[in-house]
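Below is one structure; the comments refer to it alone.
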Amino acid sequence: MNTLNKNEIENTKSKRSKIIGLSLIFFGFVIYLFFGLGIEGQATFRLSRPTDPFALPNLILPAHSFIGLSALLIAFFGGRIIMKAPKNFTIFVALSFFLAIAAFLVWATAGKSFSLTGMLQATVVRAVPIALAAMAGIMCERVAVINIGIEGMLLAGAFAGALFGSIFGNLIGLVLAILVGGGFGFILAALVVTFRVDQIIAGVAINIFVLGITSFLTSHLLKSNPELNDAPIFKSIDIPFFSEIPVLGSVFFKHNIFVYFSIFIVIVSTYYLFKTAYGLRARAVGEHPKAAETLGISVIRTRFNHVIIGGMIAGFGGAWFTLGSVGRFDEGMTGGRGFIGLAAMIFGRWHPIGALFAALVFGFADSLQQKLAILRTPIPSEFLAMAPYLVTIIVVAGIVGNAKPPQAIGKAYVKEN
Amino acid sequence: MKLKLNEISKSFGPVKANSDINLTVNRGEILGLLGENGAGKTTLMNILTGLYKPDSGSILIDNQLKVFHNPREANKNGVGMVHQHFMLVPVFSVTENIILGTEPTTTFNKIDLTNAKEKVLKISSEYNLDVDPNQLIEKLPVGIQQRVEIIKILFRDAEILIFDEPTAVLTPQEVVEFFEIIKNLKKAGKAIIFITHKLHEVLEVCDRINVLRSGKIVGEELPKKTTNKKLAELMVGRKVNLKTNRQIVEKGEVLLEVNNLSILSENKEPLLSNLDVKLHKNEILGIAGVQGNGQTEFIEALTGLRKISSGKISYFGKECKNFSPRKIHQLGVRHIPEDRQKQGLIGDFSLTENIILNTYYEKKFSNNIALNWSNAKKEAKRIIEKFDVRTNSEEISADKLSGGNQQKLLIGREMSRSINLLIASQPTRGVDVGSIEYIHNQIVMARNKGIGVLLNSTELDEIIALSDRIIVFYEGRVIAEFPSNADPNIIGLAMAGVN
């Protein structure tokens, strides 16, 4: 039996590497065909902004040869995978992906100039709500509560941020947005932990409720009182010294508090989950609640606490849309970022750092479509706007496959007595 | 420490799980708590560990009254339990599992892992448990996982140790090692409660034996002064025949004939080679053998679950080439599969649903559009009644039943209808004494009525007790055949490949 399995595994492995290798070669070919053929001129990438203290020269790439080289490299990786069937071909696939995107960018910019730093900075900004939604998801799912309602919690946070920010100023607006998010966390916890409502249904109910109530309030309250929908946004804070580093300074250290707090939350929650005793207990509740209960850990209380904290993080993430970005609330303005956040959580394997990187991938797709719209490429802008969602589908369907969620996920815990 | 339970009672709805239980365990003593599945052993222990609250009665530790509201309080008072189904988180390390809930911490609530590992190693070596604190639980064999559970309660300074059916999941070798471990714990002065339904185990390691039946203590015995038979009677509440009465019946015509049967695995290694087997009317044919010698594949081939590579299988004189399981079932061949939870029953389905699982399509239960639930329920009730399945409703899910009752339900489903031939695989695995007796009687009665029975069991005692003829499987072949009165030692040798 064992030898049988081994052979089978070997067979499927070599088959898989063949398929992946061949598709990479094909991919390289397609890239050259679509982007390389007939392209001329140079692509100019601006690395510095006029205001930067140390200006870097522009990165100028000859379009045709760069795209040709990228395509060739991708095909070469494919050939390597077929010939050698290396154990770890994900790195080659990732590299190919990176090259493909670079080739695409060069094609789009050929004969024009494009601010690379600007796009990367936008990537970080756009990743914020997704990362925060993912953190909220991790807090809940690590204790085995599925939180489909994150989208609704984001929206509630955005609305509360706009409304209360307009009345009381942005700081109090932010605090109230967090509290509103926590309140929805409490509602979700009460529904699924205490009353053992199906977790998906409870989450969907929250989404629909929030969408309905915020739309109602927008048309009946905000429309007639525009002064209630005009919140002061948080100004960006340049971190001294770091913000002056070329490229990196603009990308990471010239942001408002939402970016800095997101990174802070990622670090703290990583430490909390994997280094502290409370984190260990929380994970135990998500993996094997009965074992936790026999050791005197209250499953119910742990789940309540974490779902409420998750809601608060989502509320904070929601406030980004209004207080961190545009200063006003629009119906449905979260645009599915809560769901993309859940995808980032899965992509990052329920680990805050992993989820942060996943969020950056989605943020990149988001900012890419935004910037490309400015470059006026032949691709219709509607297609470009699909990019983040397309990446979500590819990631969830293709790469995530074998990620393992907490074992007790989705199951209500019944305490015996 | 000395533990005393005083008049403990606990009901679940109308069911009295425990009534007026008195029980004492002393320091350095192993108390055996013997009882069938559903006798109330686990309930009692869940009360003792703070998982359940008793309706009445009291717990005394060193003559002090204690009330446990949760497991943590029981822990604090030195009571620890190793559950039948381990309470371990598979993706955590050994150390993480052990310290969970009582983690040693430094600043910012950070877990002090080095300190914790040292402590784990210390306990491990003190009781000779030999556990690596860094391993992940999911990578460890069951026997080691159990030791992790033991360290877990010792880490909490338990003085009163409760083991709930600790040997149920262990291999024979692991059982021997486990007995050594609890003897060591006893020497170290722990008070131990050993819950089981296996008679020879309590006789082997316990100092005293309390027998629990229907929620009551029905007797206290000393291992030196009691017998298997006496304990079994106390446990079941009536005289138990550990031997089955089997009068001689003339065997009849051939029901099943297997000619030159071979099965190859997917990479062309032989699983069964050139098998010739005949089963007659009024005959129980026992298949003996160490597990994994082709018995499973043989039975899968006979029941249509596995394709054969060459040879012939004929039921009632007709060859059944590529018959589906349903077609074979329709011939009156009934199958009790070796793993009732994986193949026999669907745990989440109700008893009624399980009863019609392989007959739902018949006119009686279906008009091709909808199922006839009233007939299905009637049938379920009839089988539950007739085959003594202990349940208060046919609507509960099958996994709520004890192992013995699940097996009775399965046997009832297969044997309550017109039947010509029975293929029973491990029919009494994980089943309590009372149910074993019942199942054995059913099999013998079937044979007396003219049915042929193919009995596959890894328990040689069972094979010898029931079979009219015994064949021994070894490496995919029938290596020997014996009459029913053969010497067990010689059969045992054949099972090891000596002929």
Query raised in the report: Hey, what do you get for CG (B/Asn70) to CD (A/Glu293), rounding to the nearest 0.5 Å?
Result: 8.0 Å

Report task. List the steps and the verdict of side chain to side chain contact (heavy atoms under 4.5 Å, CB included) for A/Arg283 and B/Val89. Result -> CA-CA 9 Å; A/Arg283 285 187 291 136; B/Val89 181; over 6 Å; no

Query - More than 12 heavy atoms of other groups within 6.0 Å of B/Phe155 CZ - result: yes

Query raised in the report: Should we say atom NZ of A/Lys275 is surrounded by more than 12 heavy atoms from elsewhere, each under 6.0 Å from it?
Result: no

Query - Heavy atoms of other groups near B/Arg306 CZ, more than 12 under 6.0 Å - result: yes

Query raised in the report: Does the side chain of A/Leu295 reach to within under 4.5 Å of the side chain of B/Arg156, using non-hydrogen atoms?
Result: yes

Query raised in the report: Quick one: are A/Lys290 and B/His85 in side-chain contact, heavy atoms under 4.5 Å?
Result: no

Query raised in the report: Considering only heavy atoms, which portion of B/Asn75 lies under 4.5 Å from any heavy atom of chain A: side chain, backbone, both, or neither?
Result: side chain

Query raised in the report: Take atom CZ in A/Phe186; do more than 12 heavy atoms of anything else shown fall under 6.0 Å from it?
Result: no

Report summary line: Heavy-atom nearest pair, B/Pro71 first then A/Gly296, reads CB-N, 4.3 Å

Report summary line: Under 4.5 Å to a heavy atom of chain B? For A/Tyr271 that would be side chain

Query raised in the report: Going by residue number, which parts of residues 98-116 of chain B are within reach of chain A, meaning a heavy-atom gap below 4.5 Å?
Result: B/Ile99, B/Leu100, B/Gly101, B/Thr102, B/Glu103, B/Thr105, B/Thr107, B/Phe108, B/Asn109, B/Lys110, B/Ile111

Query raised in the report: For chain A, which residues from residues 131-153 of chain B lie under 4.5 Å away (heavy-atom distances)?
Result: B/Glu138, B/Lys152

**Report entry** A/Phe264, CZ: over 12 other non-hydrogen atoms inside 6.0 angstrom
**Finding:** no

